[in-house]
There are 2 protein chains.
Amino acid sequence: MAQTDTVTRILDTAEVLFAERGFAETSLRNITSKAKVNLAAVNYHFGSKKALIQAVFARYLDPFTERFHAALDGLEAEYGNEVIPLEILLETMARCVLEVPAERNSLKVFMKLLGLAYSQAQGHLRRYIQEHYGSVFTRFTGLVRRATPELPDAERFWRLHFMLGTVIFTLSGLDALRDIAEKDYGEHVSVRELIRRLRPVVVSSMQAPLPATVDDVLPAAG
Amino acid sequence: MAQTDTVTRILDTAEVLFAERGFAETSLRNITSKAKVNLAAVNYHFGSKKALIQAVFARYLDPFTERFHAALDGLEAEYGNEVIPLEILLETMARCVLEVPAERNSLKVFMKLLGLAYSQAQGHLRRYIQEHYGSVFTRFTGLVRRATPELPDAERFWRLHFMLGTVIFTLSGLDALRDIAEKDYGEHVSVRELIRRLRPVVVSSMQAPLPATVDDVLPAAG
DNA sequence: ACTGGCTATAAACGATTGTTTTAAACATCA
DNA sequence: TGATGTTTAAAACAATCGTTTATAGCCAGT
């Protein structure tokens with residue numbers, strides 16, 4: 001089938017170029033010429049550039065959500081009515097994130113796309129992701145809520161997003177950071193290495209003491 | 001002087017539009033029409049779009065670095081040969097970040113621009129920032145090093161970037177997150193409120209236990 | 001009053017964008 | 001085999017991009 005081949009080749013090329021240069025900076029001609037397919041093939045198979053972008057995300061997020069739901073099913077079955085510990089929840093999510101792109105390109109591309117979805121995308125992408133994949137996140141946060149009863153709801157909400165920021169920011173800017181780290185510390189940094197470093201930091205973030213309630217945020221000055 | 005007025009009006013408009021939609025998605029015509037100046041004025045006063053982008057950053061970063069250097073001078077004078085505690089260093093940086101944009105637009109724009117500098121900008125911006133403002137960061141990390149002698153250099157490097165990710169990601173995506181938070185928790189979220197929440201999390205991140213050295217990152221699976 | 005140096009304006013430049021159209025090549029099924 | 005519907009190919013579409021040019025206006029200094 002030349003059809004599936006063309007579609008796949010477009011997606012494979014598009015996700016790499018999008019991750020490298022962003023959506024607006026990547027033209028359809030960049031994609032089609034590198035993918036060795038015709039320019040019109042994009043609009044024929046996907047309808048528009050926006051739809052292509054969404055398809056790129058769907059190819060990552062569909063298997064991820066499926067896997068993540070299954071993993072959470074397994075955890076809930078295993079723990080029954082008991083509370084699933086926070087570390088287990090976080091590791092489960094991490095494992096699902098890691099496993100999905102391993103079949104395809106690289107985790108770096110996946111995280112870079114996620115970062116773009118937040119920083120770029122003046123609307124349609126965020127709306128698309130929210131609509132199609134919001135339920136998994138809701139389910140996950142519900143389990144995290146049971147695992148962290150000491151946190152007020154708003155506090156937990158923000159800390160989860162702090163955590164998201166740490167992970168996405170680091171892994172999406174990995175190339176630039178890796179260059180600096182290697183130059184300064186001579187140490188080669190793999191993604192798994194980075195996740196090993198992320199683990200205690202993320203857990204500590206979630207378990208940090210509650211912020212001061214009333215007093216000034218920046219008390220000292222002189 | 002209509003000259004300064006035009007330059008300022010271009011910068012004021014450009015930084016808002018850049019922050020809202022990114023660099024590539026913001027055309028010079030968008031800027032000049034909203035700023036009510038002639039299209040050619042951008043290339044006349046700044047030379048190119050790239051130079052305009054850099055000028056937008058310089059208008060934030062120049063006063064910030066000046067202020068930050070001064071604040072660090074004050075701390076070093078105050079503490080002499082003693083080690084400046086980590087919390088003091090972090091708070092000092094936070095205060096400098098907060099004070100600069102208060103004179104101008106909003107912290108949100110500033111953070112959004114910083115986020116864009118990392119996620120977009122396939123080169124020239126990152127290089128520009130590194131060249132012009134890298135020394136402040138180097139000085140700061142040197143002080144952080146003395147404040148956290150228990151951390152290996154590489155570990156501290158990464159944790160500082162984790163921290164950066166948390167802050168930039170959260171504050172640059174503030175609008176979208178604020179909508180969700182207000183809808184779900186009814187609570188209005190100001191920037192200062194958010195920084196109050198960020199403080200214990202960031203400190204805990206830096207003080208987290210060191211990662212496991214050898215064993216598997218994701219041990220359990222079944 | 002007039003010249004010289006800036007700045008503002010309008011128009012046009014060539015290049016590139018996403019998308020559409022037209023025609024040819026292909027596969028599939030009666 | 002011949003007809004039908006699908007995929008590719010090349011060209012053209014109108015729109016928009018950053019940039020440049022040519023012209024007009026302004027405010028000094030002599």
Rounded distance (Å) that lies between atom [atom2] of [N] and atom [atom1] of [X]:
| X | N | atom1 | atom2 | answer |
| --- | --- | --- | --- | --- |
| B/I10 | C/dT7 | CD1 | P | 12 Å |
| A/N43 | D/dA11 | CG | C1' | 15 Å |
| B/D5 | C/dA8 | CG | C1' | 13 Å |
| A/K49 | D/dT16 | NZ | C1' | 13 Å |
| B/F23 | D/dC17 | CZ | P | 17 Å |
| B/L28 | D/dT19 | CG | P | 6 Å |

Note to self: Under 4.0 Å from OP1 or OP2 of D/dT6: is there any side-chain N or O of A/H45 that close?
What the structure shows: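 No, because none of the side-chain N or O atoms of A/H45 sits under 4.0 Å from OP1 or OP2 of D/dT6.
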
Notebook entry, point to check: Under 4.0 Å between a side-chain N/O of B/T6 and OP1 or OP2 of C/dT7, yes or no?
Noted result: no

Check: Is any NZ, NE, NH1 or NH2 atom of the basic residue among B/R59 and B/D12 found under 4.0 Å from an Asp or Glu carboxylate oxygen of the other?
Finding: yes

Notebook entry, point to check: Within a radius of less than 6.0 Å around CZ of B/R156, do more than 12 heavy atoms belonging to other residues, nucleotides or ligands occur?
Noted result: yes

Note to self: A quick test of your reading: do over 12 heavy atoms of other residues, nucleotides or ligands sit less than 6.0 Å from CZ of A/R139?
What the structure shows: yes

Item checked: Side chain of A/Y44 - closest among D/dC17, D/dT7, C/dT19 ->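 My answer, after comparing the listed nucleotides, is D/dT7.
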
Item checked: Closest to side chain of B/A40, choosing from C/dG18, D/dG18, C/dA10 -> C/dA10

Check: Mapping A/S27 and A/N38 onto DNA chain C by nearest heavy atom, which one lands closer to the 5' end?
Finding: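 Result of the comparison: A/S27.
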
Next item on the list: Please confirm whether A/H124 and A/Y128 have ring centers closer than 6.0 angstrom.
Entry: no

Next item on the list: Indicate, with a heavy-atom threshold strictly under 4.0 Å, whether A/T26 touches base, sugar-phosphate, or nothing.
Entry: sugar-phosphate

